[in-house]
Visitor: 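Shown below is the structure under consideration.
Proteins come first, then strands; the chains are lettered A, B, ... in the order of their sequence lines, and each starts at number 1.
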Amino acid sequence: MALPRPLPPELERFQHHTHLRGANGANGASGETLPGTRGAATTLPTTVAALDALLPEGGLPRGAVTELSVTHGFGLATSVALHTLASAQAVARQRGGESALVAYLDPGASLHGPGARAHGVDLERMLVIQPPAAELARVAARVVSSRIFAAVVIDTTGILGARVDTSLAAWATAVRRIALAAEGCDTAVLLLTDRDAARPLPLPVALRLELSQTGPDKLSVRIAKERRGHVRDAHELSVARTIPALSPLTLSARKAG
Amino acid sequence: MRVLALHLPDLACEIATLRRETQAGLASALGLRTPLAVVLAPASTPLEGKSILFAVTERAKRLGVRAGQTVASARALSGELDVQTLSPEALHEALGRVAEVLLTLSPTVSVQAPDTVLLDVTGLSHLHGGEAALLDEACERARALGHRVRGAIADGVHTARAVARFAPIPRVVVPVGNDEKALGPLPLAALPIAEEAQSFFGRLGLFAVDDVKKQPVASLAARLGDNAPLIIELIHGRDRTPLVPYEPPRTVIETLSWDEPVAGSEALLFVLRGLLGRVAARLLGRGEATTELVVKLGLDAGIVRCRDREKQPLDRADEAPSSPVEEELVFQFPVPIAQAAELLRAVHTRVERLTSGETPSLDHDQRSTAKSNAKAPRSLRAPVVRLTVVADGIVALPRVQLDLSRDTTVSPEALPVLLAELLADLGDEKVGKLVTLPSHLVEERSRLVPFFDGLPTFGSKAGSRAGSKGLAIAKKNKQLSLLPPVEEDVAPPTRLLRSPLVLTGNLVKGSFVTVAGTGRGAGKNAVPAAFTVTRVQRTERIEDAAWWTGRPESRDYAIAYLEGATGGAEALVVRERRTGKIAVHGFY
């Protein structure tokens with residue numbers, strides 16, 4: 001068995017924050033590209049290996065909308081979203097350029113800079129927009145249609161104590177507009193939604209993940225919708241911190257029940 | 001020297017026609033067929049029967065009206081003749097607009113009233129594919145502004161101007177050294193000869209420049225007056241007249257007014273699009289861009305007064321209303337913008353919202369700190385009769401060098417334009433990037449700052465305001481970036497609440513706690529939700545932090561896993577040691 005190659009320098013800092021496990025389970029990328037990106041240019045890995053292994057295409061679809069459905073803003077959706085933004089920036093750096101531009105639409109104005117930085121996000125290349133909840137859909141469509149950003153996170157749920165006062169009733173049309181705007185380009189769009197919010201129609205997304213934290217060290221992930229029909233039951237992942245109280249979360253796979 | 005001259009023969013009539021059409025209203029413009037004549041006089045001068053006509057339209061000419069006639073005699077020929085007064089300033093302004101769109105063709109552009117624009121094109125023709133192509137380009141730019149134009153290139157200023165005005169074909173390139181030959185067949189009016197002298201030569205049967213050239217110089221000099229040396233040099237093909245460069249104004253103003261008030265957003269946006277197109281053409285022509293745009297909507301003063309009187313108490317009904325009759329929207333851009341589509345995109349949303357009467361939804365913070373929108377009115381008090389666009393803070397247009405090593409699918413100007421649009425729409429407190437700051441207090445470790453460093457501008461008071469503001473922002477951002485990176489002892493939360501949620505109960509493993517403002521209901525009336533503390537990890541203690549502020553903070557931090565009915569989350573919990581109050585400060 002060949003020894004795994006060390007990580008490229010710009011990805012080494014991630015090693016302490018996330019476990020980047022290749023197919024052989026050892027640290028480090030086993031090729032020139034990030035694990036999961038070889039032959040999968042249409043997907044964006046989240047760099048959370050266990051989660052990427054669960055996803056049908058090894059990552060989140062580019063040029064499409066992914067819904068992260070959580071309750072009360074829990075379920076580590078923000079962490080997953082920040083990991084994805086960091087991944088998009090790292091991929092661009094690996095191509096030899098500078099960090100890609102990413103955007104975070106935060107109507108609740110609760111996103112914390114140090115927390116984002118700890119996930120590996122280059123804050124200099126992340127545009128944060130805090131629109132009023134009523135304008136969120138319109139601003140999101142505008143941002144995605146600009147095709148400037150490698151990844152865009154749209155937070156419609158907020159967090160406990162900083163909830164976003166928006167109804168998902170009108171979001172079916174908005175999501176369709178956003179999906180059309182993202183089609184054909186490399187932008188990965190993440191839509192954070194509240195699972196308990198009333199929605200007369202399911203949102204027309206390419207991928208829907210239901211996340212919930214079932215314990216201090218447990219995250220439940222269920223693929224509720226996937227464009228190729230690979231719907232899966234809930235998978236429980238272990239939440240671990242490699243360095244106590246210092247790093248953002250890492251996830252390792254554990255078979256469900 | 002090679003000089004390009006553009007002659008605009010109908011400039012005065014074109015300006016008067018445009019003014020007449022907009023005043024009459026767009027709907028009735030197509031029905032306007034009355035002949036038009038223009039008198040050149042200051043705006044305040046009343047029109048009299050003895051006023052002399054400066055220019056007439058083709059339709060008026062067909063009725064026998066000619067420039068140089070008095071208004072009375074012209075009206076005797078045509079009773080429906082519409083005579084408009086045009087000020088020399090308006091004419092100069094129109095010539096200036098043409099000059100501005102030509103500034104990218106030549107470093108030296110000059111304006112000669114009443115109808116000529118001149119460019120020094122010495123050594124420039126090869127950049128445009130030859131002199132003929134250069135002349136075509138210049139003519140097309142002037143035509144795009146809605147003017148009929150004739151052009152010529154020659155060795156001298158007077159020759160080029162004369163050929164442009166009098167040559168039988170509208171576009172002529174006089175070969176180098178052929179000025180004398182080009183001037184020969186032209187009429188005497190091509191030379192700067194007084195009318196009296198022209199009449200005299202006419203009586204002698206001398207009508208063309210060649211005819212005059214054949215006369216003895218001494219007798220010519222006696223008749224030509226003070227301009228004799230210049231004219232004699234000209235008729236022999238020697239023209240050393242310099243060009244006086246045109247200085248474009250540092251503020252670009254475009255305005256349009258009409259008689260019938262307009263209230264709908266569609267019509268106003270249509271007009272705004274046209275005005276922004278003209279502003280953009282002038283800016284691009286100069287190779288400049290703007291960092292500040294002011295859109296002024298002139299309201300119908302009569303309706304404003306009526307509405308103000310309605311609101312005034314009866315005992316003050318006779319007092320003059322004090323409401324302004326102009327609404328102003330100010331847009332400041334993070335980077336200079338010059339393209340019409342981008343300018344429109346940046347201002348479109350706010351203008352549409354204002355004219356449609358839609359109240360923008362603001363959250364609590366926007367309502368209390370709407371600094372950038374402080375002057376923005378919620379809705380119009382009256383229909384609009386005038387729209388003015390002022391481009392201030394003009395700077396050189398930034399150029400982006402071609403760089404094949406980066407992603408070229410997206411224009412490098414796309415982000416600044418998007419930012420300008422978002423800032424105009426949401427305000428500068430709501431768009432930016434997060435920076436991390438070294439502070440003992442968690443809530444002061446993160447701040448939203450402008451995405452771009454400010455750029456200095458010049459040329460106007462507003463420009464220097466924007467420039468000094470931009471420099472202040474740049475200085476602050478640089479200071480922030482020079483600070484050492486934040487070394488977190490504790491994993492920072494991804495979400496931080498601006499108002500921590502009070503936690504009631506003991507923060508020990510297994511205990512029940514309630515967190516205010518998280519349960520059913522809204523705002524302060526929300527029923528607190530109950531959680532079980534599954535895990536607690538004490539992480540940090542700070543003692544008398546920020547003591548220099550006079551309000552030192554002493555706190556204990558802990559990370560607690562709170563499990564509720566519908567799921568759990570890790571929360572950053574803070575206990576204030578002085579008061580004993582425990583609150584949830586953020587989430588992971």
Visitor: Applying salt bridge (charged side-chain N to carboxylate O under 4.0 Å, His left out), can you list everything that pairs with B:Arg538, at least two apart in sequence or on another chain?
Guide: none
Visitor: Would you mind checking which part of B:Thr349 comes under 4.5 Å of any heavy atom in chain A, side chain (CB onward), backbone (N, CA, C, O), both or neither?
Guide: side chain
Visitor: Should the pair B:His585 and B:Tyr557 be assigned to parallel (<30°), tilted (30 to 60°) or perpendicular (>60°) ring geometry?
Guide: parallel
Visitor: Shorter than 4.5 Å, heavy atoms on both sides: which option in B:Leu448, B:Thr494, B:Val442 has the most such pairs with chain A?
Guide: B:Thr494
Visitor: Name the region of B:Leu562, side chain, backbone, both or neither, that has any atom closer than 4.5 Å to a heavy atom of chain A.
Guide: neither
Visitor: Under 4.5 Å from any heavy atom of chain B, what part of A:Ala116 do you find: side chain, backbone, both or neither?
Guide: neither
Visitor: Among A:Val143, A:Ile129, A:Leu123, A:Leu127, which residue forms the greatest number of heavy-atom pairs with chain B at distances under 4.5 Å?
Guide: A:Leu127
Visitor: Which heavy atom of A:Cys185 sits nearest to which heavy atom of A:Arg147, and what is that distance?
Guide: CB-NH1, 3.7 Å
Visitor: Are B:Glu540 and B:Arg555 ion-paired here, with the side-chain N under 4.0 Å from a carboxylate O?
Guide: no
Visitor: Which residues pass the salt bridge (charged side-chain N to carboxylate O under 4.0 Å, His left out) test with B:Glu421, sequence neighbours left out?
Guide: A:Arg142
